[in-house]
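The structure under discussion appears below in the form of structure tokens.
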Amino acid sequence: IQTKHPAKVPLMEIRVAMHSDAEQVQEMAYSAMRTFELTPDPEGIDVELGRFGEKLNGVLIQLVACVGDRIAGCISLSRKDPSTGKLSGFYVDPCFRGRGIGEKLIERAVSYAQTNSLTGIYLETWDKMEAAVRLYIKLGWQRIDDPPAESGAQRAYYLELTADNKPLKNDIEKRAL
């Protein structure tokens with residue numbers, strides 16, 4: 001009798017980004033952008049992606065989701081003003097979409113914002129990033145006035161941080177995909 005051995009399920013780990021992640025983050029994010037017909041701008045709006053893991057002015061935390069030795073997603077939380085954070089650099093590798101990685105990255109960023117006394121988080125996005133927009137709405141984000149044209153984005157969302165936004169207890173999270 002032949003028995004099937006279950007395939008190994010890879011573990012995902014969310015951790016604080018290191019400078020050594022920058023090149024892989026940039027490659028993954030640019031690949032993700034191209035799936036939305038967006039042109040990466042490494043000298044302009046996307047410069048931070050090439051410096052992921054560095055201690056940049058205003059950046060509170062940068063996180064990566066890893067599957068094995070591969071970066072599957074990233075997100076950055078910076079300070080927009082004294083009480084508001086701003087999410088940026090939120091990308092999931094096209095090969096890993098639909099597995100909850102984006103949701104876990106956002107949850108971890110929200111948890112960090114709460115533990116650092118922020119009262120809300122702002123983000124900008126594009127209409128064509130439909131799955132991300134659905135995720136924001138699912139997680140309680142509210143659409144607000146569109147950002148200025150020079151931002152490069154089409155839409156803005158805001159999440160008011162309350163006791164209902166449950167922070168995660170673990171500093172590092174691992175889960176099977």
Side-chain angles (χ1 to χ4, degrees), residues 12-19 21-22 25-26 28-29 32-33 36 38 41-42 44-66 71-92 100-173 175:
M12 175 191 60
E13 174 187 15
I14 295 178
R15 62 169 173 77
V16 174
M18 300 179 288
H19 181 62
D21 297 326
V25 164
Q26 189 176 42
M28 182 275 304
M33 285 180 203
F36 296 106
L38 297 171
D41 182 8
I45 194 168
D46 301 317
V47 70
E48 186 180 299
L49 293 169
R51 299 182 65 196
F52 228 76
E54 289 183 31
K55 299 224 182 284
L56 301 174
N57 190 29
V59 174
L60 298 172
I61 193 166
Q62 293 175 317
L63 301 168
V64 291
C66 301
I71 292 178
C74 62
I75 198 165
S76 182
L77 176 67
S78 58
R79 193 172 294 278
K80 181 172 170 43
D81 62 44
S83 63
T84 307
K86 180 179 180 184
L87 280 187
S88 62
F90 174 49
Y91 297 98
V92 175
I101 292 171
E103 185 170 352
K104 292 298 179 190
L105 283 166
I106 290 174
E107 287 175 354
R108 183 56 50 84
V110 167
S111 176
Y112 188 88
Q114 288 176 306
T115 60
N116 284 274
S117 304
L118 296 180
T119 58
I121 307 175
Y122 170 88
L123 67 81
E124 297 175 354
T125 191
W126 295 266
D127 287 338
K128 55 180 90 179
M129 294 183 162
E130 295 171 2
V133 169
R134 283 192 305 272
L135 178 59
Y136 303 142
I137 292 167
K138 172 186 166 188
L139 296 176
W141 294 73
Q142 300 295 314
R143 184 169 169 191
I144 58 174
D145 292 340
D146 292 343
E150 62 270 12
S151 80
Q154 297 171 314
R155 303 287 173 254
Y157 288 82
Y158 182 79
L159 179 68
E160 184 176 352
L161 297 179
T162 66
D164 293 337
N165 310 114
K166 298 176 183 74
L168 298 173
K169 303 255 189 270
N170 300 336
D171 189 41
I172 294 180
E173 175 175 322
R175 76 172 186 83

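Keep in mind the model is a prediction, meaning the values are calculated, not measured.
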Would you please test Lys55 and Val59 for side-chain contact (heavy atoms from CB on, under 4.5 Å) and show each step? CA-CA 7 Å; Lys55 299 224 182 284; Val59 174; over 6 Å; no
Are any non-hydrogen side-chain atoms of [X] and [Y] less than 4.5 angstrom apart?
X: Leu161; Y: Thr119; answer: no
X: Leu123; Y: Phe90; answer: no
X: Gln154; Y: Asp146; answer: no
X: Met28; Y: Val64; answer: no
X: Asp21; Y: Met18; answer: yes
X: Ile71; Y: Cys66; answer: yes

Closest approach of [X] and [Y], non-hydrogen atoms and distance?
X: Ile121; Y: Ala113; value: CD1-CB, 3.7 Å
X: Ile101; Y: Ala65; value: CG2-CB, 3.6 Å
X: Leu87; Y: Ala109; value: CD2-CB, 3.7 Å
X: Pro147; Y: Ala153; value: CG-O, 3.7 Å

Below 3.5 Å, can you tabulate the donor-acceptor pairs from side chains in residues 132-140 to any protein atom, sequence neighbours excluded?
from: Lys138; atom 1: NZ; to: Glu103; atom 2: OE1; distance (Å): 3.0

Drop me the distance from [X]'s [atom1] to [Y]'s [atom2], to the nearest 0.5 angstrom.
X: Ile14; Y: Leu105; atom1: CD1; atom2: CG; value: 4.5 Å
X: Gln114; Y: Asn116; atom1: CD; atom2: CG; value: 10.5 Å
X: Met129; Y: Tyr91; atom1: CE; atom2: OH; value: 5.0 Å
X: Tyr122; Y: Ile144; atom1: OH; atom2: CD1; value: 5.5 Å
X: Leu118; Y: Leu77; atom1: CG; atom2: CG; value: 6.5 Å
X: Arg108; Y: Ile61; atom1: CZ; atom2: CD1; value: 8.5 Å

Gln26: which residues meet the side-chain contact (heavy atoms from CB on, under 4.5 Å) condition with it, sequence neighbours left out?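 Result, side-chain contact (heavy atoms from CB on, under 4.5 Å) vs Gln26: Tyr30, Pro42.
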Would you please name every residue forming a side-chain contact (heavy atoms from CB on, under 4.5 Å) with Ile45, sequence neighbours left out?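 For Ile45 the side-chain contact (heavy atoms from CB on, under 4.5 Å) partners, ignoring immediate neighbours, are Asp41.
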Any donor-acceptor N/O pair, Lys80 side chain to Lys86 backbone, under 3.5 Å: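 Looks like no, no N/O pair under 3.5 Å.
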Mind running side-chain contact (heavy atoms from CB on, under 4.5 Å) on Gln62 and Leu56 for me, showing each step along the way? CA-CA 10 Å; Gln62 293 175 317; Leu56 301 174; 4.3 Å; yes
Give the intermediate values and the outcome of side-chain contact (heavy atoms from CB on, under 4.5 Å) for residues Tyr112 and Leu63. CA-CA 10 Å; Tyr112 188 88; Leu63 301 168; 5.9 Å; no
Worked check of salt bridge (charged side-chain N to carboxylate O under 4.0 Å, His left out) between Glu48 and Arg51: CA-CA 5 Å; Glu48 186 180 299; Arg51 299 182 65 196; over 6 Å; no
Could you check whether atom CG of Asp145 has more than 12 heavy atoms from other residues, nucleotides or ligands sitting under 6.0 Å from it?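 No, CG of Asp145 has 12 or fewer neighbouring heavy atoms, counting only those of other groups under 6.0 Å.
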